Amino acid sequence: MGQVTLYLDDETETKMREAAKSAGLSQSRWVMNLIRERTATEWPASVAGLMGAWADLPTVEEIRKGMPEDVAREPI
């Protein structure tokens, strides 16, 4: 397991300590969870589980119906 050294100003360190304590986690675990959350490439299961939950949600085509065609975009 890798190790990382973080340099935090006093206010940020206090907030991190309080947040970790409030979550019942060590500071390392709290930071690790935050990094995993911010670098996730898939929706969390709680969000993915909502798929299809709104039966009356209009389709993209229905939403865009009657709207003018979008402008051409520059290539990325």
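Numbers here are sequence positions counted from 1. The basis for the numbers below is simple: all heavy atoms, side chains too, and nothing from hydrogens, waters or symmetry mates. Bear in mind the structure is a predicted one, so any value in this text is a computation, not a measurement.
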Open item on the list: Which residues pass the side chain to side chain donor-acceptor pair (under 3.5 Å) test with Arg17, not counting sequence neighbours?
Closed with: Glu13

- [ ] Please list, chain by chain and in numerical order, all residues satisfying side-chain contact (heavy atoms from CB on, under 4.5 Å) with Asp70, sequence neighbours excluded.
- [x] Arg73

TODO: Considering non-hydrogen atoms only, spot the tightest contact between Ala48 and Trp43 and give its length.
DONE: N-CB, 4.5 Å

Task: Flag, side chain of Thr39 to backbone of Ile35, donor-acceptor distance under 3.5 Å - done: yes

TODO: Kindly compute the distance separating CG (Leu34) from CG (Leu25), expressed to the nearest 0.5 Å.
DONE: 11.5 Å

Task: hydrophobic_cluster_shared for Ile63 and Trp54, side chain cutoff 4.5 Å - done: no

- [ ] State, to 0.1 Å, how close Ala20 and Ser26 come at their nearest heavy-atom pair, and which atoms those are.
- [x] CB-O, 4.0 Å

Open item on the list: Among residues at least two apart in sequence or on other chains, which ones pass side-chain contact (heavy atoms from CB on, under 4.5 Å) with Pro44?
Closed with: Ser46, Val47

Open item on the list: Between the side chains of Lys15 and Glu11, is the shortest nitrogen-to-carboxylate-oxygen separation below 4.0 Å, so that they form an ion pair?
Closed with: yes

TODO: Nearest 0.5 Å please: distance from the CG atom of Asn33 over to the CD atom of Glu37.
DONE: 8.5 Å

- [ ] Would you indicate whether Asp9, at its atom CG, is surrounded by more than 12 heavy atoms from other residues, nucleotides or ligands within a distance under 6.0 Å?
- [x] yes

TODO: Could you state whether Val60 and Met51 fall into the same hydrophobic cluster, counting links through intermediate Ile, Leu, Val, Met, Phe, Trp or Tyr residues with side-chain heavy atoms under 4.5 angstrom apart?
DONE: no

- [ ] Return yes if some donor-acceptor pair links the side-chain N/O of Ser22 with the main-chain N/O of Glu18 below 3.5 Å, else return no.
- [x] no

